[in-house]
Amino acid sequence: MISKNSNSNTCPPVWGEISTTLTAQFLADGECTDAARAAIRGAFHDCFNGACDGSLILANECANPENRGLERLCGNLGNLANEKKVGMADLIQFAAAHAIKTCPGGPTVPVKVGRKDSSNANALGVLPAHNMAGGDLVKLFASKGFSPIDLAALIGAHTTAKQRGVDPAKAGASLDSTVGKWDNKFYQETKSGKAPFTLEADKNVAQNPITAIPFNTFALSKGAWDLAFVSAMTKMSMLGVDGAGLVDCTSALPGGSRKREIKGANLFDRLKW
């Protein structure tokens with residue numbers, strides 16, 4: 001199925017309506033919510049094991065153990081896509097970009113619509129494990145077209161993450177001390193061992209010789225991380241997707257202008273240190 005929103009060069013108004021709905025779900029008391037966290041994770045889980053094709057929901061991949069914790073998100077986005085008559089693959093990526101932007105300090109990740117939906121399940125066992133070795137992660141991400149810098153940048157999304165299944169005794173523990181905000185404390189606290197909870201894989205990326213340099217850079221500069229993350233996340237959102245004919249709907253996100261953000265950044269960060 002192709003989203004019927006892809007027939008014009010202008011972003012359809014329905015995405016503005018969806019944005020309003022998602023803001024109510026993703027922001028509470030000035031911080032991003034568990035629903036926002038799930039949306040960010042959901043985009044990665046839909047794309048990385050095959051393509052950004054909506055199969056996370058349409059093929060009920062949400063029922064797979066590796067997607068545990070995304071069931072509520074899948075039900076919510078599934079209902080919203082049906083209600084608004086938009087593509088599932090598009091909505092999953094739009095929701096992630098929206099969640100990132102909704103988190104205080106979050107950058108604007110460009111988002112396009114017009115992907116093909118699929119009800120065919122992607123392969124199991126492709127998503128990285130929580131205890132994966134740093135070198136194995138570098139190889140896995142390289143097989144998908146991501147550089148070590150991309151890898152180091154993407155795992156920074158754990159700044160808004162909580163763990164639930166790795167250690168059930170500490171279910172709900174956050175991966176940095178400011179889980180409701182988009183900042184680079186994840187990098188600082190993973191390095192120092194001061195995070196409330198740290199995944200073994202994240203520690204391995206921090207210590208691997210290939211990824212340690214960008215990891216350390218991101219710990220020093222949020223601006224450098226945001227630039228690298230936006231590039232990597234944009235690439236992620238297009239895995240297995242034909243970009244021809246897609247329509248830019250970045251304007252429907254809260255704020256919607258990445259240029260304005262860069263101009264507003266301090267000089268240190270604007271120089272991409």
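Side chains are part of it too, since the values below use all heavy atoms of this structure and drop only hydrogens, waters and symmetry mates.
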Can you name the nearest heavy-atom pair linking D248 to C11, along with the distance? O-CB, 3.6 Å
Does a side-chain heavy-atom distance below 4.5 Å link M238 with C52? no
Checking S237 against Q93: is there a side-chain donor and acceptor pair closer than 3.5 Å? no
ring-ring contact (aromatic ring centres under 6.0 Å, His included) partners of residues 54-92, not counting sequence neighbours, each pair once: none
Should we say atom NZ of K203 is surrounded by more than 12 heavy atoms from elsewhere, each under 6.0 Å from it? no
Atom SG in C32, atom CD in Q25: separation rounded to 0.5 Å? 14.0 Å
Any donor-acceptor pair under 3.5 Å linking the side-chain atoms of W15 with those of D90? no
Are the side chains of N49 and E61 in touch, meaning some heavy atoms are under 4.5 Å apart? yes
With a cut-off of 6.0 Å (strictly less than), are more than 12 heavy atoms of other residues, nucleotides or ligands near NZ of K235? yes
Within the 4.5 Å heavy-atom criterion, are D46 and S55 side-chain neighbours or not? yes
Validation row: T217, W225 side chains within 4.5 angstrom (heavy atoms): no
Okay, side chain of S143, backbone of L140: is any donor-acceptor separation there less than 3.5 Å? yes
Interatomic spacing from CZ in F197 to NZ in K162 - rounded to 0.5 Å: 14.0 Å
Show your working on side chain to side chain contact (heavy atoms under 4.5 Å, CB included) between I100 and F229 and close with a plain yes or no. CA-CA 11 Å; I100 291 163; F229 179 84; 3.7 Å; yes
Got a sec: does the CZ of R72 have more than 12 other heavy atoms crowding it under 6.0 Å? no
Side chain to side chain, N216 and Y187, heavy atoms closer than 4.5 Å: no
Is there a path of hydrophobic side-chain contacts, each under 4.5 Å between heavy atoms, that joins I213 and L154? no
Hydrogens and angles aside, do H158 and D202 bring a side-chain donor and acceptor to less than 3.5 Å of each other? yes
Between L91 and V247, is there shared hydrophobic-cluster membership here, with clusters defined by ILVMFWY side-chain heavy atoms closer than 4.5 Å? yes
What pairs of residues pass the ring-ring contact (aromatic ring centres under 6.0 Å, His included) test when at least one of them lies in residues 46-78, not counting sequence neighbours? F44-F48, F48-F141
Candidate pair F94 and L22, rule side chain to side chain contact (heavy atoms under 4.5 Å, CB included), full reasoning: CA-CA 10 Å; F94 184 87; L22 294 179; 4.0 Å; yes
With a 4.5 Å limit on heavy-atom distance, are the side chains of L56 and C74 in contact? yes
Please say which of L70, I92, N76 ends up in a side-chain contact (heavy atoms from CB on, under 4.5 Å) with I57. I92
Could you verify whether a donor N or O on one side chain and an acceptor N or O on the other, from D183 and T159, lie under 3.5 Å apart? yes
Determine, step by step, whether T178 and E31 satisfy the side chain to side chain contact (heavy atoms under 4.5 Å, CB included) criterion, reporting the C-alpha distance in whole Å, the side-chain angles of both residues, the deciding distance to 0.1 Å, and the verdict. CA-CA 9 Å; T178 53; E31 296 190 341; over 6 Å; no
Nearest-0.5 Å distance that lies between atom CE in M132 and atom NZ in K139: 9.5 Å
Do L199 and N131 come within less than 4.5 Å of each other through their side chains, counting heavy atoms only? no
Residue pairs meeting ring-ring contact (aromatic ring centres under 6.0 Å, His included), one or both in residues 110-134, sequence neighbours left out, come to none
Side-chain heavy atoms nearer than 4.5 Å, only ILVMFWY residues, links allowed to pass through others: does that put L73 and V179 together? no
Do L246 and V241 have side chains that approach each other closer than 4.5 Å (heavy atoms only, starting at C-beta)? yes
How close do A99 and A39 get, heavy atom to heavy atom, and via which atoms? CB-CB, 4.0 Å
Shortest non-hydrogen contact between V205 and A152, atoms and distance: CG1-CA, 4.4 Å
Hey, any chance L77 and L27 share a hydrophobic cluster, counting ILVMFWY side chains that come within less than 4.5 Å of each other, even indirectly? no
In terms of side-chain geometry, is the basic nitrogen of E17 or K84 positioned less than 4.0 Å from the acidic oxygen of its partner? yes
Test V86 against V113 for side chain to side chain contact (heavy atoms under 4.5 Å, CB included), laying out the working first. CA-CA 9 Å; V86 297; V113 300; over 6 Å; no
For the residue pair E189 and S177, confirm or rule out a side-chain donor-acceptor distance under 3.5 Å. yes
Find the distance between NE2 (H98) and SG (C103) and round it off to the nearest 0.5 Å. 11.0 Å
Does R115 pair with D53 as a salt bridge, N-O distance under 4.0 Å? no
Do F146 and F218 share a hydrophobic cluster, counting only Ile, Leu, Val, Met, Phe, Trp and Tyr and linking them when any side-chain heavy atoms are less than 4.5 Å apart? yes
